[in-house]
Protein chains: 2
Amino acid sequence: MLKISKKADYALMALQHIASVQFGDVTPGRVVNTKEIAEEYNIPPELLAKVLQVLSKNGMIESHNGPKGGYLLARSARQITIAQILESIEGPLGITDCSHEKEGEFCMQREHCNIRTPLLKVQDSIYQLLSNMTLEDMLGGTPLITIQSPSAQGVER
Amino acid sequence: MLKISKKADYALMALQHIASVQFGDVTPGRVVNTKEIAEEYNIPPELLAKVLQVLSKNGMIESHNGPKGGYLLARSARQITIAQILESIEGPLGITDCSHEKEGEFCMQREHCNIRTPLLKVQDSIYQLLSNMTLEDMLGGTPLITIQSPSAQGVER
DNA sequence: TCTTAGTACGACCATATTGATCGGAGATCA
DNA sequence: TGATCTCCGATCAATATGGTCGTACTAAGA
């Protein structure tokens, strides 16, 4: 339950990759193209392209056309929150259908609905959570899993 | 994004209703049947029936067969968490596909995946959130919306 | 004991969402 | 000017979901 879509997954991976290249030690400031990311993470290239397009349209990254083109973060990694990324791809956060009802629309249950208020609270908490986490937190803060050692792999049974 | 299913919605409504009847002032201890809930909240009866069956199978409520039959909470409202209810209906919480990978299964991206660890953290936080909220919190804590006044009803057109 | 109101259960269909694919147009650099 | 790349829209297939139907089983009451 509460699963996020593959597209959102891809978006997070791609952004993390772009950020780590851009601010990494090896080739800082380098432009990253779709193909590179797709191959690195085994993502269908066309789908990834579409995801990146959306991200660029929403101002998360900026695109550079032509050969030697590619993508660059539009802002610093610290200024891009997980909430922003997810909402770029999947639309506004909404635990329940009636989360962003405009006036005039009502769900069939609204009249006697008894769970709307508490659910909105939950939703708000989740939103806080995702807003307080940035791309930067996904870079250095959390060590990547190292499943290189045979022993570690054996444990997972 | 992160929407919960209609079924889960219905489950929450139904349980809230059962709890409020069972522990309310009017007819405490009364058994509630599917039809009553379905009519009260405009839920398709057959679908609600299925939801209630699942809830009963998962030990959230107990069913009483035959005429004058219906459903009763299996435990006190305080002992039933939102997380339990949602998981009963939608299966285990999993922000991402690789949340509960068994041995041998790997997502195509796993090898170089850079977002697994931070995402699992997020997931854990959400789980905490849902586990700390119980059915009881949905009863008294949050005042029900009262739109009984004719003016308010007239708006819905 | 028989009838009837109710739940239990499983198969089924329609539709919406999502993942994935294809093709052409515009931009940039060699 | 040609090759390489992003951009953008249309489209298809697979899956998940919401919703329906029919039948069997159980218990209360006449």
Side-chain angles (χ1 to χ4, degrees), chain A residues 1-14 18 30-39 41-72 74 86 88-92 94 96-97 107-109, chain B residues 1-14 18 30-39 41-72 74 86 88-92 94 96-97 107-109:
Chain A
M1 54 165 282
L2 287 184
K3 207 181 305 182
I4 63 178
S5 68
K6 282 265 169 59
K7 285 186 195 174
D9 254 350
Y10 296 158
L12 290 172
M13 283 191 238
I18 295 175
R30 205 186 93 231
V31 193
V32 185
N33 67 17
T34 308
K35 198 179 165 198
E36 172 183 334
I37 305 177
E39 287 178 352
Y41 301 100
N42 283 306
I43 304 175
E46 300 88 355
L47 185 54
L48 178 62
K50 206 152 81 174
V51 169
L52 290 174
Q53 285 159 28
V54 175
L55 288 177
S56 124
K57 190 182 292 177
N58 286 84
M60 304 284 120
I61 53 182
E62 54 185 48
S63 69
H64 290 266
N65 248 345
K68 303 230 170 183
Y71 294 95
L72 234 55
L86 293 182
S88 278
I89 302 295
E90 303 202 344
T96 169
D97 279 333
C107 73
M108 212 87 312
Q109 289 80 27
Chain B
M1 56 167 279
L2 287 183
K3 207 181 302 182
I4 64 177
S5 69
K6 281 267 168 58
K7 285 186 195 173
D9 254 350
Y10 297 158
L12 289 172
M13 284 191 238
I18 295 175
R30 203 185 95 229
V31 194
V32 185
N33 67 16
T34 308
K35 197 180 165 197
E36 173 182 333
I37 304 177
E39 288 176 352
Y41 300 100
N42 284 306
I43 303 174
E46 299 87 356
L47 185 54
L48 178 63
K50 207 153 78 175
V51 169
L52 290 174
Q53 284 161 28
V54 174
L55 287 176
S56 123
K57 190 182 293 178
N58 285 84
M60 303 285 120
I61 53 182
E62 52 184 49
S63 71
H64 290 267
N65 250 343
K68 302 230 170 184
Y71 293 96
L72 233 55
L86 293 181
S88 279
I89 301 295
E90 303 203 343
T96 170
D97 278 334
C107 71
M108 214 88 310
Q109 289 80 27

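So you know, we letter chains A, B, ... as the sequences are listed, proteins then strands, and number each from 1.
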Quiz item: Could you state the interatomic distance from OG1 (Thr34(A)) to CD (Glu39(A)), rounded to the nearest 0.5 Å?
Solution: 11.0 Å
Practice problem: With sequence neighbours excluded, tell me which residues meet salt bridge (Lys or Arg N to Asp or Glu O under 4.0 Å) with Lys3(A). | Solution: Asp97(B)
Residues 51-58 of chain B side chain polar contacts: donor-acceptor under 3.5 Å, at least two apart:
none

Quiz prompt | Which atom of Ala38(B) lies closest to which atom of Pro45(B), heavy atoms considered | solution = CB-CA, 3.9 Å
Quiz item: Taking atom CE of Met13(B) and atom CD1 of Ile37(B), what is their separation to the nearest 0.5 Å?
Solution: 11.0 Å
Polar atom pairs (N or O), protein with nucleotides 14-17 of chain D, under 3.5 Å:
none

Quiz item: Which of residues 51-65 of chain B sit near DNA chain C, with a heavy atom under 4.0 Å from it?
Solution: Gln53(B), Ser63(B), His64(B), Asn65(B)
Quiz prompt | Minimum heavy-atom distance Ala74(A)-Gly59(A), with the two atoms named | solution = CB-O, 3.4 Å
Practice problem: Could you check how far NZ of Lys68(A) sits from P of dT6(D), rounded to whole Å? | Solution: 13 Å
Self-check item: Terminal contacting nucleotides, 5' and 3', DNA chain C versus chain B (heavy atom, 4.0 Å)
Solution: dA5(C) to dA11(C)
Exercise. Determine the minimum heavy-atom distance between Leu48(B) and Ala14(B), stating which atoms define it.
Key: CD1-CB, 4.1 Å
Practice problem: On DNA chain C, check which nucleotide each of Glu90(A) and Ala49(B) is closest to and give me the residue with the more 5' one. | Solution: Ala49(B)
Quiz item: Rounded to the nearest 0.5 Å, what separation is found between the NZ atom of Lys7(A) and the OG atom of Ser88(A)?
Solution: 13.0 Å
Self-check item: side chain to side chain contact (heavy atoms under 4.5 Å, CB included) partners of Lys68(B), counting only residues at least two apart
Solution: none
Self-check item: Nearest-0.5 Å distance that lies between atom NE2 in His64(B) and atom CG in Leu72(B)
Solution: 5.0 Å
Quiz item: For Ser5(B), what residues pass the side-chain hydrogen bond (donor to acceptor under 3.5 Å, both in side chains) criterion, not counting sequence neighbours?
Solution: Glu90(B)
Self-check item: Atom pair distance, as rounded to whole Å: CG in Leu48(B) and P in dT20(D)
Solution: 12 Å
Exercise. Return the minimal non-hydrogen interatomic distance between Ile89(B) and Ala8(B), and the atom names on each side.
Key: CG2-N, 3.9 Å
Exercise. State, to the nearest 10°, the angle formed by the axis through the first five base pairs of the helix from dT1(C)-dA30(D) to dA30(C)-dT1(D) and the axis through its last five.
Key: 10°
Self-check item: Interatomic spacing from CD in Glu36(B) to CD1 in Ile18(B) - rounded to 0.5 Å
Solution: 9.0 Å
Quiz item: In whole angstroms, how far is the P atom of dA10(D) from the NZ atom of Lys50(A)?
Solution: 11 Å
